[in-house]
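When a ligand or atom number is given, it counts from 1 through the structure's own listing order.
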Amino acid sequence: MSALQRAIDEVVRPAAAEVDAEAEFPEASIEALGEAGLLGLTVAEDMGGSGGSLADAVDVVRALAGVCGSTAMVVMMHYAATAVVESRGPQEVRRQLGAGRHLATLAFSEAGSRSHFWAPLGTATKSGDAVRLDARKSWITAAGRADYYVWSSRPVAAEGAMTLWLVPSATAGLATPGPFDGLGLRGNCSAPVDANGAEVPEQARLGDDGSGLDIALSEVLPWFLVLSAAFSVGVMEAVTDETGRHMTATRLEHLDQTLADQPVTRADHARMRIATDGAAALLHDTVAAVTTAQPHAPLRTLEVKAAAGEAAITVTDLAMKICGGAAFRRELGVERHFRDARAARVMAPTTDALLDFVGRAINGLPLL
Ligand SMILES: Cc1cc2nc3c(=O)[nH]c(=O)nc-3n(C[C@H](O)[C@H](O)[C@H](O)COP(=O)(O)OP(=O)(O)OC[C@H]3O[C@@H](n4cnc5c(N)ncnc54)[C@H](O)[C@@H]3O)c2cc1C
């Protein structure tokens, strides 16, 4: 049994329903994944990690998503943030992440520019030897639980839309105004964070002043988009299997038949399988294109989150229909997938934004 499967079976799965019901951060699951070496998965081996690839991260997020969406989202954001820490962060932090005892996340979305993460309004101002950050971040997965935020701001002095910073979450001047009480992913702790004069050293900058958008688009976004698709595929795979088990186990006693014996129900289940396998195939193709640096890789990464995210909404909706009133109750677990699957559509870049990006890309227009 793999370390991932053991952590899932022994810790993540038993905790998942309560994490959702109580909107509890999945502390024990994240700790178990850290101990299993999976938080350090994508950190270079000479920094104490496993030197894993995007494909390895996809496997982890995909497996977790169908078991505990909240845990999968926390891990997915950690991998997306780790990608830029790996390329631009200090060795000390890379070693911490490699050891699997520290968690990172993305702090891009803001109350003012909302899902338009490419236009932060938060500022970074020189303050003696330090830099002062002021912002109203609207959503940060694992807010107050992660150790490091990859933080976007307007540039200090340079031209450009954005500068990136590596900000310890314990920095004075950062505050979480309230908890997260969401429809789905209820344990992912995606709370707002305010920065009021939070000071970081100038060395906390990831890349040049003003170059943050290029870095976000080229080094963070591919991980985020592909892992978001992996999340959606994982949810679809789990709910398609669970629906099948329900169909074969549920009897219409007066007919001496199961739900699986009903042609309409079977056709709906077939629709679920086809949509799931289609998204999984696109995910596989995207990972291959990114890994081998194919010319169509950027287009695929834009396509795959939108395609898988929307498919997951359709598939989980069909699961609710097929499993009927039984799915409406919590104990079957289908309604949790239904709620969790809805986040991908509105996580930036949202499906609307991605459709515009894909349309721009295939018409030779700039993305932004
Ligand atoms: C569970 C969860 C976890 C999250 N975690 C993080 C995180 O860790 N870090 C982070 O930075 N952010 C995070 N986010 C925030 C996310 O990335 C989005 O920024 C946020 O969901 C956008 O919500 P909003 O209400 O601000 O959307 P709005 O920007 O108000 O958009 C509302 C709707 O309008 C559409 N819309 C907006 N502008 C246009 C346009 N020009 N054309 C067409 N349609 C448009 C959008 O597509 C969307 O459907 C998270 C969100 C969720 C739900």
Got an N/O contact under 3.5 Å between [X] and ligand 1?
X: Ala107; value: no
X: Leu106; value: yes
X: Ile140; value: no
X: Ser113; value: no
X: Phe108; value: yes

With no hydrogens and no angle check, do the side chains of [X] and [Y] hold a donor and an acceptor under 3.5 Å apart?
X: Thr350; Y: Asp352; answer: no
X: Asp147; Y: Ser169; answer: no
X: Lys321; Y: Thr265; answer: no
X: Glu237; Y: Thr276; answer: no

Among all protein heavy atoms, pick out the one at the shortest distance from [atom]; state its residue, atom name and that distance to 0.1 Å.
atom: atom 29 (O) of ligand 1; result: Ser115 OG, 2.6 Å
atom: atom 47 (O) of ligand 1; result: Thr350 OG1, 2.7 Å
atom: atom 17 (O) of ligand 1; result: Ala348 N, 2.8 Å
atom: atom 5 (N) of ligand 1; result: Thr141 OG1, 2.8 Å
atom: atom 25 (O) of ligand 1; result: Arg114 NH2, 3.0 Å
atom: atom 13 (C) of ligand 1; result: Trp139 CB, 3.4 Å
atom: atom 19 (O) of ligand 1; result: Ser109 OG, 2.7 Å

| request: Please find out if less than 6.0 Å separates the ring center of Phe357 from that of Trp118. | output: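 Close enough - the centres of the two rings lie under 6.0 Å apart.
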Which of the ligand 1 atoms, numbered from 1, are nearer than 4.0 Å to a heavy atom of [X]:
X: Leu185; answer: 1 (C)
X: Met77; answer: 5 (N), 6 (C), 7 (C), 8 (O)
X: Asn188; answer: 1 (C), 3 (C)
X: Val346; answer: 16 (C), 18 (C), 20 (C), 21 (O), 22 (C)
X: His116; answer: 37 (C), 38 (N), 39 (C), 41 (N)

| field | Close side-chain approach of Thr82 and His78, heavy atoms under 4.5 Å | value |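 In contact.
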| query | Closest heavy-atom contact between Val75 and Leu64? | reply |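 Reported closest heavy-atom pair: CG2-CD1, 3.9 Å.
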| Which atom pair, heavy atoms only, marks the closest approach of Val233 to Ala308? |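 What the structure gives for the nearest pair is CG2-CB, 4.4 Å.
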| request: Run down the list Leu355, Thr351, Asp352 and name the one with the heavy atom closest to atom 46 (C) of ligand 1. | output: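 Looking at heavy atoms only, Asp352 sits closest to atom 46 (C) of ligand 1.
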| Any idea which of Pro349, Ser190, Ser228, Gly112 brings a heavy atom closest to atom 3 (C) of ligand 1? |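 It is Ser190 whose heavy atom sits nearest to atom 3 (C) of ligand 1.
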Protein heavy atom under 4.0 angstrom of [atom], is there one?
atom: atom 38 (N) of ligand 1; value: yes
atom: atom 7 (C) of ligand 1; value: yes
atom: atom 33 (C) of ligand 1; value: no

| Pairing of Asp268 and Arg271 as salt bridge, 4.0 angstrom limit |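 Yes.
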| Ion pair Arg300/Glu303, N-O distance below 4.0 Å |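 Salt bridge: yes.
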| said: Other residues, nucleotides and ligands only: do more than 12 of their heavy atoms fall within 6.0 Å of CG on Asp129? | reply: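 At most 12 heavy atoms, drawn from other residues, nucleotides or ligands, come within 6.0 Å of this atom.
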| said: On the six-membered ring of Phe338, is Arg342 placed so that its NZ or CZ lies under 6.0 angstrom from the centre and within 45° of the ring axis? | reply: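 Here Arg342 passes the 6.0 Å and 45° test against Phe338.
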| field | Heavy-atom donor-acceptor pair, Arg336 side chain to Leu185 backbone, under 3.5 Å | value |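 No; judged by distance alone, with no hydrogens or angles, the pair does not exist.
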| field | Met347, portion touching ligand 1 at heavy-atom distance under 4.0 Å | value |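 The answer is both.
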| query | About how many Å separate OH of Tyr148 and CG of Leu166, when rounded to the nearest 0.5 Å? | reply |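 Atom-to-atom, Leu166:CG and Tyr148:OH are 6.5 Å apart.
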